[in-house]
Amino acid sequence: GYRVSLQGIFLGSNHTFVPFPEYSPRQHIKLDPPSNLQANITATKCQIRWSVPWFLAEILQYELQYKEHSTSWEIALNKTPTSSLPQIEIEATEFRNGITYIARVRCKVSENEDSYQSQWSEWSQTTLFQRPGIPQMPEKLFNIRTVQFLFIPMSFVTILYVFWNCKLSQKTSPALTFPHQLPSFSHCTICTMGILR
């Protein structure tokens, strides 16, 4: 390690201040932010990848932030990958259709690493992505005006159907042809009565 001391003149006298009696640079690291941030989103999941130096990949941990493009980072959502791989997958259901999102990521040495310690890096450059839209039926497809346009012709067709069936039943029903047979029946009755007389 190293011994860090500060010297200065205070009130005409030399003074030495030792803030770090034993300073180890590997315990005070601040990394560069990840680079080449890219997002690929489908109807089921969103995969976000980034790049870090290959010799550090196994000892780093990451924090991802994402939000709607039009909102503030103060209300962004945070995601922590469960592995040291420079990528994360998020369910697509966490994103709204047709809305543009923006994401960024930062890194530091994993807390499980004993040999090195670091603070969070600065945030990376951002990337934009949008969930593909899913075709949907308009919410007001069957509004009152549409029902009126459908109801009027349907009612007219129904009335014609009932009228046509009634007309056909009149032509084919024996009970309705019975009055046409009454004159011949009455004539036979009169003839029979004349013979009896």
Side-chain angles (χ1 to χ4, degrees), residues 1-140:
Y2 298 87
R3 182 175 183 270
V4 178
S5 62
L6 301 175
Q7 292 184 348
I9 299 177
F10 180 70
L11 297 179
S13 302
N14 290 329
H15 293 274
T16 301
F17 174 65
V18 182
F20 301 103
E22 293 187 7
Y23 178 80
S24 177
R26 67 174 56 195
Q27 303 295 321
H28 302 83
I29 298 174
K30 184 174 182 179
L31 301 168
D32 291 331
S35 61
N36 195 29
L37 186 64
Q38 298 179 353
N40 181 28
I41 186 167
T42 65
T44 58
K45 66 180 179 180
C46 175
Q47 186 177 68
I48 302 178
R49 297 174 175 268
W50 53 88
S51 299
V52 293
W54 63 269
F55 52 87
L56 295 175
E58 294 184 356
I59 64 171
L60 298 183
Q61 69 181 66
Y62 308 96
E63 182 180 31
L64 178 84
Q65 278 191 340
Y66 67 92
K67 67 180 184 70
E68 294 183 10
H69 187 263
S70 59
T71 60
S72 169
W73 283 111
E74 295 179 357
I75 60 174
L77 298 177
N78 294 345
K79 292 285 185 180
T80 302
T82 56
S83 70
S84 60
L85 295 176
Q87 65 180 38
I88 190 172
E89 287 190 357
I90 307 173
E91 293 295 326
T93 53
E94 296 194 24
F95 307 101
R96 296 192 296 165
N97 292 334
I99 301 297
T100 299
Y101 288 84
I102 184 171
R104 63 184 184 180
V105 66
R106 62 181 180 175
C107 66
K108 73 174 184 176
V109 175
S110 172
E111 296 177 355
N112 297 326
E113 179 64 35
D114 296 330
S115 301
Y116 300 92
Q117 292 183 4
S118 74
Q119 56 182 306
W120 284 110
S121 70
E122 300 296 329
W123 290 104
S124 69
Q125 296 292 321
T126 59
T127 185
L128 300 176
F129 58 95
Q130 186 179 90
R131 182 182 179 185
I134 300 175
Q136 295 180 349
M137 295 295 290
E139 296 181 0
K140 298 183 179 180

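Atom set for the values below is all heavy atoms of this structure, side chains included, hydrogens, waters and symmetry mates excluded. Residue numbers count from 1 along this sequence.
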Next on the checklist: Can you tell me how the ring of Phe95 sits relative to the ring of Phe129, calling it parallel under 30°, perpendicular over 60° and tilted otherwise?
Outcome noted: perpendicular

Checklist outcome for this item: Scanning both residues in full, the closest heavy-atom pair of Ala103 with Leu64 reads CB-CD1, 4.3 Å

Checklist outcome for this item: Taking every heavy atom of Leu60 against every heavy atom of Leu56, the minimum-distance pair comes out as CG-O, 3.1 Å

Checklist entry - Between Glu63 and Thr80, does any side-chain donor sit less than 3.5 Å from a side-chain acceptor? => result no

Checklist entry - Does the pair Thr126 and Trp73 meet the rule for a side-chain contact (heavy atoms from CB on, under 4.5 Å), with working shown? => result CA-CA 12 Å; Thr126 59; Trp73 283 111; 3.9 Å; yes

Checklist entry - What's the shortest heavy-atom distance between Asn78 and Gln65, and which atoms? => result OD1-CG, 2.8 Å

Checklist entry - Does the side-chain contact (heavy atoms from CB on, under 4.5 Å) test come out yes or no for Ile90 and Tyr66, once each step is laid out? => result CA-CA 11 Å; Ile90 307 173; Tyr66 67 92; 3.9 Å; yes

Next on the checklist: To the closest 0.5 Å, what do you measure between CG (Asn40) and SG (Cys46)?
Outcome noted: 7.5 Å

Next on the checklist: Could you work out, with salt bridge (charged side-chain N to carboxylate O under 4.0 Å, His left out) as the rule, every residue matching Arg49, not counting sequence neighbours?
Outcome noted: none

Checklist outcome for this item: Rounding to 0.5 Å, atoms CD (Glu68) and CD1 (Ile102) come to a distance of 12.0 Å

Item to check | Approximate separation, where rounding is to 0.5 Å, of Glu113 CD and Lys108 NZ | outcome: 13.0 Å

Item to check | Test side chain to side chain donor-acceptor pair (under 3.5 Å) applied to Thr100 and Arg131, Gln130, His69, the passing residue | outcome: Gln130

Checklist entry - Distance from Lys67 atom NZ to Ser72 atom OG, nearest 0.5 Å? => result 6.5 Å

Checklist entry - Taking atom CG of Leu37 and atom CZ of Arg104, what is their separation to the nearest 0.5 Å? => result 11.5 Å

Checklist entry - What heavy-atom pair brings Glu89 and Lys45 nearest, and what distance separates the two atoms? => result OE2-NZ, 3.4 Å

Checklist entry - Can you check whether Arg96 reaches Tyr101 side chain to side chain, under 4.5 Å on heavy atoms? => result yes

Checklist entry - Taking Tyr62 for the side chain and Gln87 for the main chain, is one N or O donor matched with an acceptor at less than 3.5 Å? => result no

Checklist entry - Are side-chain heavy atoms of Val52 and Leu31 found at a separation under 4.5 Å? => result no

Next on the checklist: Please report the interatomic distance OG1(Thr127) to CG(Asn36), rounded to the nearest 0.5 Å.
Outcome noted: 9.5 Å

Item to check | Minimal non-hydrogen separation, Glu94 against Lys79, with atom names | outcome: OE2-NZ, 3.2 Å

Checklist entry - Are the side chain of Ser118 and the backbone N or O of Val109 linked by a donor-acceptor pair below 3.5 Å? => result yes

Next on the checklist: Whether the side chain of Ser124 engages the backbone of Val105 through a donor-acceptor N/O pair (distance < 3.5 Å, no angle test) should be reported.
Outcome noted: yes

Item to check | Trp120 vs Gln61 side-chain heavy atoms within contact, under 4.5 Å | outcome: yes

Item to check | Considering all heavy atoms, the nearest Ile48-Ala39 contact | outcome: CG1-CB, 4.0 Å

